[in-house]
Chemist: 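A single structure is presented below for examination.
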Amino acid sequence: QVQLVQYGGGSVQAGGSLRLSCVASGRTYDSDCMAWFRQRPGKEREGVAAIDRDGTVQYADTVKGRFIISKDIAQHTLHLEMNSLKPEDTAMYYCARTNNIHTIRALPAAGFFDYWGQGTQVTVFS
């Protein structure tokens, strides 16, 4: 079993920055694929960014150039640096992890991920 605990988030004015972190414990592997998803009010959960075992990253078009996903293997931590935030980035953000995927060429769908964080709210006001 793997447990994912998220930190960060909050409220920020448009144009500002926030950082999310996700700390894993339990049976994790360096080959795990990790990702961030978000769910905006009235919308389905959508992929935001993912990073695979080799460090290859993929981003949703809506966040490309503004968000940066990174991982610290030694600390079992996944980060999401969010810059130039927009009101439409307002959502509940979730980290996810799986060993079902090792390399990525596109954002994996949520169904591939076995473990999820508890979610953290990000609110961007104009």
Side-chain angles (χ1 to χ4, degrees):
Q1 281 291 345
V2 174
Q3 293 78 43
L4 303 178
V5 178
Q6 295 178 220
Y7 300 91
S11 297
V12 67
Q13 193 168 19
S17 299
L18 286 173
R19 190 186 200 206
L20 305 181
S21 297
C22 175
V23 181
S25 61
R27 183 173 284 187
T28 62
Y29 301 94
D30 292 349
S31 58
D32 286 348
C33 176
M34 294 173 278
W36 290 96
F37 289 79
R38 69 185 181 186
Q39 189 160 16
R40 293 180 279 185
K43 304 284 188 180
E44 293 186 355
R45 191 171 295 191
E46 61 180 351
V48 174
I51 185 167
D52 70 12
R53 67 179 182 186
D54 300 324
T56 300
V57 298
Q58 296 287 342
Y59 295 97
D61 289 342
T62 52
V63 307
K64 205 171 290 184
R66 300 187 298 122
F67 289 12
I68 301 172
I69 187 172
S70 63
K71 61 180 178 178
D72 183 332
I73 295 175
Q75 297 297 322
H76 305 290
T77 302
L78 179 70
H79 300 290
L80 184 68
E81 190 75 33
M82 303 183 291
N83 302 305
S84 302
L85 282 161
K86 305 175 181 180
E88 52 264 43
D89 293 318
T90 294
M92 186 71 78
Y93 284 73
Y94 299 89
C95 62
R97 191 173 182 126
T98 183
N99 201 249
N100 295 326
I101 306 169
H102 297 154
T103 60
I104 57 175
R105 295 183 180 180
L107 276 177
F112 286 104
F113 290 87
D114 302 305
Y115 305 105
W116 293 83
Q118 79 275 20
T120 186
Q121 179 67 36
V122 170
T123 302
V124 184
F125 54 92
S126 55

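Just so it is clear, the model here is predicted, and its values are computed rather than measured. Side-chain atoms are counted along with the backbone in the values below, which use heavy atoms only and exclude waters and symmetry mates.
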Chemist: Does a side-chain N-to-carboxylate-O contact under 4.0 Å join Arg40 and Glu46?
Modeler: yes
Chemist: State whether the side chain of Lys64 and the backbone N or O of Gln58 hold a donor-acceptor pair below 3.5 Å, judged by distance alone.
Modeler: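 No, Lys64 side chain to Gln58 backbone: no donor-acceptor pair under 3.5 Å.
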Chemist: Which heavy atom of Ser70 sits nearest a heavy atom of Ile51, and at what distance?
Modeler: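 Shortest heavy-atom separation between Ser70 and Ile51 comes out as CA-CD1, 4.3 Å.
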Chemist: Side-chain contact test, heavy atoms from C-beta onward, threshold under 4.5 Å: evaluate it for Arg53 versus Asp30 and give yes or no.
Modeler: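 A side-chain contact under 4.5 Å is absent here.
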Chemist: Supply the atom-to-atom distance Ile104 CD1 to Phe112 CZ, rounded to the nearest 0.5 angstrom.
Modeler: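 Here the interatomic distance stands at 12.0 Å.
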Chemist: What's the shortest heavy-atom distance between Ala60 and Gly47, and which atoms?
Modeler: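 So the two residues come closest at CB-O, 3.5 Å.
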Chemist: Heavy-atom distance under 4.5 Å between the side chains of Val122 and Leu20, does that happen here?
Modeler: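 A side-chain contact under 4.5 Å exists here.
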Chemist: Say you draw a straight line from CG of Asp54 to OG1 of Thr103; how long is it, rounded to the nearest 0.5 Å?
Modeler: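 So the CG of Asp54 and the OG1 of Thr103 are separated by 7.0 Å.
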Chemist: Does a side-chain N-to-carboxylate-O contact under 4.0 Å join Lys86 and Asp89?
Modeler: no
Chemist: Determine the minimum heavy-atom distance between Gln6 and Cys95, stating which atoms define it.
Modeler: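 For Gln6 versus Cys95, the nearest heavy atoms are OE1-N, 3.1 Å.
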Chemist: Could you check if a side-chain atom of Leu80 sits within less than 4.5 angstrom of a side-chain atom of Arg38, using non-hydrogen atoms only?
Modeler: no
Chemist: Atom CE of Met34 and atom CD1 of Ile73: how far apart are they, to the nearest 0.5 Å?
Modeler: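 The distance works out to 6.5 Å.
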Chemist: Let me know which of Phe37, Tyr94, Trp36 forms a ring pair (Phe, Tyr, Trp, His ring centres under 6.0 Å) with Phe113.
Modeler: Phe37
Chemist: Leu78 versus Ile69: any side-chain heavy-atom pair under 4.5 Å?
Modeler: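 They are in side-chain contact.
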Chemist: Closest heavy-atom contact between Ala14 and Ser126?
Modeler: CB-CA, 4.3 Å
Chemist: Please say yes or no: joined through hydrophobic side-chain contacts below 4.5 Å, possibly via intermediate residues, are Leu85 and Met92 part of one cluster?
Modeler: no
Chemist: Please report the interatomic distance OG1(Thr98) to OH(Tyr29), rounded to the nearest 0.5 Å.
Modeler: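 Going from OG1 on Thr98 over to OH on Tyr29, the span is 11.5 Å.
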Chemist: Supply the atom-to-atom distance His76 NE2 to Arg97 CZ, rounded to the nearest 0.5 angstrom.
Modeler: 8.0 Å
Chemist: Got more than 12 heavy atoms from elsewhere within 6.0 Å of CD, Glu44?
Modeler: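 Counting neighbours around CD of Glu44, 12 or fewer heavy atoms of other residues, nucleotides or ligands fall under 6.0 Å, so no.
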Chemist: Looking only at non-hydrogen atoms, find the nearest pair between Tyr115 and Leu4 and report the distance.
Modeler: O-CD1, 3.5 Å
Chemist: Do Phe125 and Gln13 come within less than 4.5 Å of each other through their side chains, counting heavy atoms only?
Modeler: yes
Chemist: Is there a path of hydrophobic side-chain contacts, each under 4.5 Å between heavy atoms of I, L, V, M, F, W or Y residues, that connects Tyr93 with Val57?
Modeler: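 Cluster IDs for Tyr93 and Val57 match.
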Chemist: Could you tell me whether a side-chain N or O of Thr90 sits under 3.5 Å from a main-chain N or O of Val124, the two making a donor and an acceptor?
Modeler: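 Confirmed, Thr90 side chain pairs with Val124 backbone.
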Chemist: Please check this pair: side chain of Thr120 against backbone of Gly8, looking for a donor-acceptor N/O pair closer than 3.5 Å.
Modeler: yes
Chemist: Closest heavy-atom contact between Ser21 and His79?
Modeler: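 Heavy-atom minimum between the residues: OG-ND1, 2.9 Å.
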Chemist: Rounded to the nearest 0.5 Å, what separation is found between the CG atom of Asn100 and the OG atom of Ser31?
Modeler: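 Going from CG on Asn100 over to OG on Ser31, the span is 10.5 Å.
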Chemist: Got a sec: does the NZ of Lys43 have more than 12 other heavy atoms crowding it under 6.0 Å?
Modeler: no
Chemist: Are Leu18 and Tyr59 connected in a single hydrophobic cluster, I mean Ile/Leu/Val/Met/Phe/Trp/Tyr linked by side-chain heavy atoms less than 4.5 Å apart?
Modeler: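 Tyr59 and Leu18: one cluster.
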